[in-house]
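Data first, discussion second: the structure below is written as structure tokens.
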Amino acid sequence: LPAGSPADQLPRYVRVNTLKTTVRDTVDYLKREGFSYLGQAVRLDNLTLKNKDFVLDLHLPEVLAFPPNTDFHDHFLYKAGHIILQDKASCLPAHLLHPPPGSHVIDACAAPGNKTSHLAAIMKNRGRLFAFDLDGKRLSTMSTLLLRAGVSCHQLANRDFLTVDPDDPQYKDVEYILLDPSCSGSGMVCLRDRSPADQEEEKARLAALASFQLRCLNHSLRFPRLKRLVYSTCSIHSQENEEVVAACLQQNPDFRLVPLLAQWPERGLEPLSQCLRASTTKTLTHGFFVAMLEKVGDGRGIKK
Ligand code: SAM
């Protein structure tokens, strides 16, 4: 794909919701409906599909890829919560955090909840999933989505995450945090054609977002039992990505980066090559960034 390809040239991705079904049953259902299944992709260009062909993704075990513009909004599998319409890149955060069933997890900026439902699927609905969002309207959309997806281990709160007290006893067992805060959205292909804002205004907006993101990140690291945190944005600006993570690591020497998916084709900008980036050209997705931080050994033993 040429740089900056429009969204209508990207593969359409679907995440199979393992709380309700399996990849196998979903594939069989779609085959019976006239789609043709080509198996698991082995190279990135296997994701470039035509007609009614589809494949299992090569990096993410529950993601299926379809030709551009395949529309599942009116499909039974979507309405029944068996499939979630989610870009492949946005499936990375929960997949990488991978909280085990039974664990206590925070989704700090959670609405509309696609990553929350992915976390719940990985946790097999066991454990506790605290999900916060500042926006009440987005949270009510989220309740509907989680209900449809069969999620039951969550607790939603209409809260500013920055005011959630890390020392509150109810969070004492939280070991995993997913932080996907508001960002410029500059990785979303459909937003790129917006007329460019005033340069000074744009600079100020990015600086305000980066400072909010860093505050959220620093706040997250204050949860006393935290082992691992995934930070993600759908921005392509290093100011909201590598620069936020680098500043946070400098302020929190008890955390370090975890090297992510060696086989992923696009890395964080140097020196943060442990992190992942995603783009229309190199990963056939929207633009995205993911970092994982882990607590440096504190004598309580960190499970790898
Ligand atoms: N993780 C979501 C998903 O996968 O569906 C998308 C999250 S979106 C990028 C960022 C969210 O952060 C928005 O819903 C916004 O309302 C919320 N937000 C912004 N500031 C917040 C704050 N201080 N505390 C909690 N949520 C906040």
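Atoms within each ligand, like the ligands themselves, are counted from 1 in listed order. It should be emphasised that the depicted structure is a prediction, and the values quoted were computed from it without experimental measurement.
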Point to revise | Region of P181 engaging ligand 1 - heavy atom pairs below 4.0 Å | key: backbone

Review point. How are the rings of F54 and Y37 set relative to one another: parallel (under 30°), tilted (30 to 60°) or perpendicular (over 60°)?
Key: tilted

Check your understanding: N241 side chain to S235 main-chain N or O, any donor-acceptor pair under 3.5 Å?
Key -> yes

Check your understanding: Is there a donor-acceptor contact under 3.5 Å linking the side chains of S103 and E175?
Key -> no

Review point. What residue among E62, H59, R15, K115 forms side-chain contact (heavy atoms from CB on, under 4.5 Å) with C91?
Key: R15

Study note, to complete from the structure: atom 19 (C) of ligand 1 has as its nearest protein heavy atom S182 OG, 3.2 Å

Review point. Are the side chain of R159 and the backbone N or O of T163 linked by a donor-acceptor pair below 3.5 Å?
Key: yes

**Study point:** Heavy-atom gap L162 to ligand 1 smaller than 4.0 Å
**Key:** no

Review point. Which residue and non-hydrogen atom of the protein lie closest to atom 4 (O) of ligand 1, and at what distance in Å?
Key: K115 NZ, 2.9 Å

Review point. Is the closest side-chain donor-acceptor distance between E240 and S184 under 3.5 Å?
Key: yes

**Study point:** atom 24 (N) of ligand 1: nearest protein contact (heavy atom, Å)
**Key:** F161 N, 2.8 Å

Check your understanding: Quick one: nearest non-hydrogen protein atom to atom 5 (O) of ligand 1, plus distance?
Key -> G113 N, 2.9 Å

Practice item. Answer yes or no: does an N/O atom from C109 fall short of 3.5 Å to an N/O atom of ligand 1? Key: yes

Point to revise | Closest protein heavy atom (residue, atom, distance) for atom 20 (N) of ligand 1 | key: F212 CZ, 3.3 Å

**Study point:** Options L134, D133, D87, ranked by nearest heavy atom to atom 15 (C) of ligand 1, top entry
**Key:** D133

Practice item. List the closest protein heavy-atom neighbour of atom 7 (C) of ligand 1: residue, atom name, distance to the nearest 0.1 Å. Key: A111 O, 3.1 Å

Review point. Taking the inter-plane angle between the rings of F161 and F132 on a 0 to 90° scale, is it parallel (under 30°), tilted (30 to 60°) or perpendicular (over 60°)?
Key: tilted

Check your understanding: If you measure from atom 2 (C) of ligand 1 to every heavy atom of A110, C183, S117, S232, which option wins on shortest distance?
Key -> A110

**Study point:** Whether D25 side chain and T21 backbone form a donor-acceptor pair below 3.5 Å
**Key:** no

**Study point:** Under-4.0 Å heavy-atom contact with ligand 1, by part of A108 that carries it
**Key:** backbone

**Study point:** Option with minimal heavy-atom separation from atom 22 (C) of ligand 1, where the choices are V164, D180, D160
**Key:** D160

Check your understanding: So, does N252 use its side chain to make a donor-acceptor pair with the main chain of F255 at under 3.5 Å?
Key -> no

**Study point:** D107-ligand 1 polar pair, N/O distance under 3.5 Å
**Key:** no

Check your understanding: Looking at atom 8 (S) of ligand 1, what's its closest protein heavy atom, distance included?
Key -> R138 NH2, 3.6 Å

Check your understanding: Which atoms of ligand 1 sit under 4.0 Å from any heavy atom of D135?
Key -> 16 (O)

Exercise for review: May I ask you to identify, for R159, whether its side chain, its backbone, both or neither come under 4.0 Å of ligand 1 on a heavy-atom basis?
Suggested key: backbone

Review point. Out of curiosity, T285 OG1 to D87 CG, how far, rounded to the nearest 0.5 Å?
Key: 5.0 Å

Study note, to complete from the structure: All heavy atoms of E33 vs all of K52, minimum pair found to be O-NZ, 4.2 Å

